[in-house]
Student: 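Below are the structure tokens for one structure; questions will follow.
Bear in mind the structure is a predicted one, so any value in this text is a computation, not a measurement.
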Amino acid sequence: MMQAIDPKKGERGTPGHVAIIMDGNGRWARARGLPRTEGHRKGAESVRRAVTAARELGIGYLTLFGFSSENWKRPSWEVVDLMQLLRHYLRSEIAELHRHDVRFRVIGERDRLEPEIVQLIERGEETTRNNSALTLTIALSYGARREIVLAARFLAEEVAAGRLNPAKIDEDSLARHLFTADMPDPDLIIRTSGEKRISNFLLWQAAYAEFVFLEKLWPDFGKEDLTRAIEEFHSRERRYGA
């Protein structure tokens with residue numbers, strides 16, 4: 001297995017944490033004259049391929065942008081279909097992830113999800129909590145600005161209660177209260193479908209990430225695309241502002 005890159009050394013190797021903005025399901029379906037929901041179902045198959053590829057390539061953390069806080073504004077029929085697809089994934093894939101030593105996690109505002117889905121998430125997290133080959137994190141009902149606001153609000157409440165000196169607040173103290181507190185920042189962020197924006201995803205954590213934008217739509221994403229993105233990552237010189 002390839003070793004994760006040490007960002008401070010700048011050595012060539014597999015990035016330790018790869019995050020992906022999975023984009024293009026709707027366009028994939030439209031180009032084939034299929035309903036949008038079929039694009040989402042095909043996209044779920046790409047999730048499976050991406051997880052397998054990440055594990056084979058020795059990536060330690062894979063974070064996928066599954067459903068944003070803004071996605072709640074989509075037509076109700078599409079949200080219902082996405083939630084049904086999520087239920088199916090949680091029921092059918094956790095055992096397979098566990099079999100391959102993959103730890104499963106979810107970040108985002110769970111209180112906006114249905115109780116049944118939250119229970120499935122918690123069961124999946126508990127089942128896989130001791131696995132170590134790969135940590136798969138799905139961002140659900142997630143928005144980075146909201147994440148930062150919640151962390152700042154917690155610190156403000158601590159100050160108001162007299163438990164925290166505001167002069168002691170620094171980057172580390174805020175980061176400890178983000179959804180990703182126990183994860184390394186992403187080394188590489190990939191977005192499919194040719195769009196070149198971050199869409200409120202891991203804004204704080206992406207400060208020194210490398211970005212790779214692929215033309216391929218998410219349902220067509222495979223191991224060769226992840227490998228190509230990593231090769232592009234290798235070609236970058238990461239100086240961290242130095």
Student: Any idea which heavy atoms bring Pro219 and Ser46 closest together, and the distance?
Tutor: O-OG, 3.0 Å
Student: Salt-bridged, Arg99 to Glu96, with N to O below 4.0 Å?
Tutor: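 Yes, charged N to carboxylate O under 4.0 Å.
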Student: Sequence neighbours left out, what passes side chain to side chain contact (heavy atoms under 4.5 Å, CB included) with Pro75? Give chain and number order.
Tutor: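 Counting only residues at least two positions away or on another chain, Pro75 forms a side chain to side chain contact (heavy atoms under 4.5 Å, CB included) with Trp77, Glu78.
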Student: Specify the closest pair of heavy atoms between Ser141 and Leu113, including all atoms of both residues, with the distance to one decimal.
Tutor: CB-CD2, 4.4 Å
Student: May I ask you to say whether Glu70 pairs ionically with Lys73, meaning some side-chain N is under 4.0 Å from a carboxylate O?
Tutor: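 Lys73 and Glu70: not salt-bridged.
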Student: Quick one: do Arg110 and Glu125 make a salt bridge, cutoff under 4.0 Å?
Tutor: yes
Student: Could you report the tightest heavy-atom contact between Ala229 and Leu188, atom names first, then the distance?
Tutor: O-CD2, 4.0 Å
Student: Test: ring-ring contact (aromatic ring centres under 6.0 Å, His included). Region: residues 195-218. Which pairs qualify, not counting sequence neighbours?
Tutor: Phe65-Phe201, Tyr208-Tyr240, Trp218-Phe221
Student: Walk me through whether Arg176 and Asp172 qualify under side-chain contact (heavy atoms from CB on, under 4.5 Å).
Tutor: CA-CA 6 Å; Arg176 284 195 297 271; Asp172 288 340; 3.8 Å; yes
Student: State, to 0.1 Å, how close Gly143 and Ser69 come at their nearest heavy-atom pair, and which atoms those are.
Tutor: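 Nearest heavy atoms, Gly143 then Ser69: CA-OG, 3.5 Å.
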Student: When you compare the side chain of Val18 with that of Leu226, does any pair of heavy atoms fall below 4.5 Å?
Tutor: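 The answer is yes, as the side chains (C-beta and beyond) meet within the 4.5 Å cut-off.
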Student: Applying a strict under-4.5 Å side-chain criterion to I, L, V, M, F, W and Y, I'd like to know whether Ile117 and Leu136 cluster together.
Tutor: yes
Student: So, do Leu62 and Leu64 sit near enough that their side-chain heavy atoms are less than 4.5 Å apart?
Tutor: yes
Student: With sequence neighbours left out, write down each residue that passes salt bridge (Lys or Arg N to Asp or Glu O under 4.0 Å) with Arg123, or none if nothing qualifies.
Tutor: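 With sequence neighbours excluded, Arg123 shows a salt bridge (Lys or Arg N to Asp or Glu O under 4.0 Å) to no residue whatsoever.
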Student: Evaluate the side-chain proximity of Leu90 to Ile121: yes if any heavy-atom separation is below 4.5 Å, no if none is.
Tutor: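 Ile121 reaches Leu90 side chain to side chain.
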Student: Kindly work out whether a path of hydrophobic side-chain contacts (I/L/V/M/F/W/Y, heavy atoms less than 4.5 Å apart) joins Val118 to Leu120.
Tutor: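 In one cluster: yes.
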Student: Would a distance-only check, ignoring hydrogens and angles, find a side-chain to backbone donor-acceptor pair under 3.5 Å from His40 to Leu82?
Tutor: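 No.
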Student: Other than Leu34, what residues sit in its cluster of Ile, Leu, Val, Met, Phe, Trp and Tyr side chains whose heavy atoms are under 4.5 Å apart, directly or through others?
Tutor: Trp28, Leu217
Student: Let me know which of Thr127, Leu97, Thr128 forms a side-chain contact (heavy atoms from CB on, under 4.5 Å) with Arg103.
Tutor: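 Going through the options one by one, the only one that passes is Thr128.
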Student: Quick one: name the residues clustered hydrophobically with Met183, using the 4.5 Å side-chain heavy-atom rule over I, L, V, M, F, W, Y, and just say none if it's on its own.
Tutor: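 Same cluster as Met183: Tyr61.
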Student: Strictly by salt bridge (Lys or Arg N to Asp or Glu O under 4.0 Å), give each pair with a member in residues 218-230 just once, sequence neighbours left out.
Tutor: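 Pairs touching residues 218-230 that pass the test: Arg32-Asp220, Glu56-Lys223, Lys216-Glu224, Lys216-Asp225, Asp225-Arg228.
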Student: CD1 of Ile59 to OG1 of Thr14: how many Å apart, nearest 0.5 Å?
Tutor: 6.5 Å
Student: Residues two or more places apart in sequence or in another chain: which of them pass salt bridge (Lys or Arg N to Asp or Glu O under 4.0 Å) with Arg30?
Tutor: none
Student: With sequence neighbours left out, which residue pairs that include part of residues 149-158 fulfil the salt bridge (Lys or Arg N to Asp or Glu O under 4.0 Å) condition?
Tutor: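 Sorted result for residues 149-158: Glu158-Arg163.
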Student: With sequence neighbours excluded, what pairs up with Arg105 under the salt bridge (Lys or Arg N to Asp or Glu O under 4.0 Å) test?
Tutor: Asp182
Student: If we count only N and O atoms by modelled type, under 3.5 Å, do the side chains of Asp170 and Ser173 hold a donor and an acceptor together?
Tutor: yes
Student: Using a strict cut-off of less than 4.0 Å between a Lys/Arg side-chain nitrogen and an Asp/Glu carboxylate oxygen, indicate whether Asp101 and Arg55 qualify as a salt bridge.
Tutor: no
Student: For Asp23, give me all partners under salt bridge (Lys or Arg N to Asp or Glu O under 4.0 Å), at least two apart in sequence or on another chain.
Tutor: Arg27, Arg191
Student: Give the cluster check for Leu140 versus Ile107: same hydrophobic cluster or not, with ILVMFWY residues linked at side-chain heavy-atom distances below 4.5 Å.
Tutor: no
Student: Please walk me through it: do Glu126 and Arg129 pass salt bridge (Lys or Arg N to Asp or Glu O under 4.0 Å)?
Tutor: CA-CA 5 Å; Glu126 178 60 27; Arg129 61 192 293 264; 3.7 Å; yes
Student: Decide yes or no on side chain to side chain donor-acceptor pair (under 3.5 Å) for Gln119 and Glu114, but give the supporting numbers first.
Tutor: CA-CA 9 Å; Gln119 290 175 2; Glu114 297 176 12; over 6 Å; no
Student: Given the rule that I, L, V, M, F, W and Y join up when any side-chain heavy atoms are under 4.5 Å apart, are Val106 and Val79 in one cluster?
Tutor: yes
Student: Name all pairs fulfilling the ring-ring contact (aromatic ring centres under 6.0 Å, His included) condition that reach into residues 144-175, sequence neighbours left out, sorted by first residue then second.
Tutor: Phe154-His177
Student: side-chain contact (heavy atoms from CB on, under 4.5 Å), that's the test. Do Phe233 and Asp187 meet it? Break it down for me.
Tutor: CA-CA 9 Å; Phe233 172 84; Asp187 300 296; 3.9 Å; yes
Student: I'd like to check Phe179 versus Tyr142 (side-chain heavy atoms, cut-off strictly below 4.5 Å). Are they in contact?
Tutor: yes
Student: Could you tell me if the side chain of Arg36 sits less than 4.5 Å from the side chain of Asp81, heavy atoms only?
Tutor: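 They are not in contact (no side-chain heavy atoms under 4.5 Å apart), so the answer is no.
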Student: Suppose the criterion is ring-ring contact (aromatic ring centres under 6.0 Å, His included): which pairs have a residue in residues 79-107, not counting sequence neighbours?
Tutor: none
Student: State, to 0.1 Å, how close Pro15 and Ile230 come at their nearest heavy-atom pair, and which atoms those are.
Tutor: CD-CG2, 3.8 Å
Student: I need the minimum non-hydrogen distance between Ile189 and Ala206, along with the two atoms involved.
Tutor: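 Nearest heavy atoms, Ile189 then Ala206: CD1-CB, 3.5 Å.
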Student: Do Val149 and Leu202 sit in the same hydrophobic cluster, where Ile, Leu, Val, Met, Phe, Trp and Tyr count as joined when their side-chain heavy atoms come under 4.5 Å apart?
Tutor: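 Each belongs to a different hydrophobic cluster.
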Student: So, do Ile20 and Thr63 sit near enough that their side-chain heavy atoms are less than 4.5 Å apart?
Tutor: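 With C-beta onward as the side chain, the pair stays apart.
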Student: Any carboxylate oxygen within less than 4.0 angstrom of a Lys/Arg side-chain nitrogen, looking at Glu232 and Arg236?
Tutor: yes
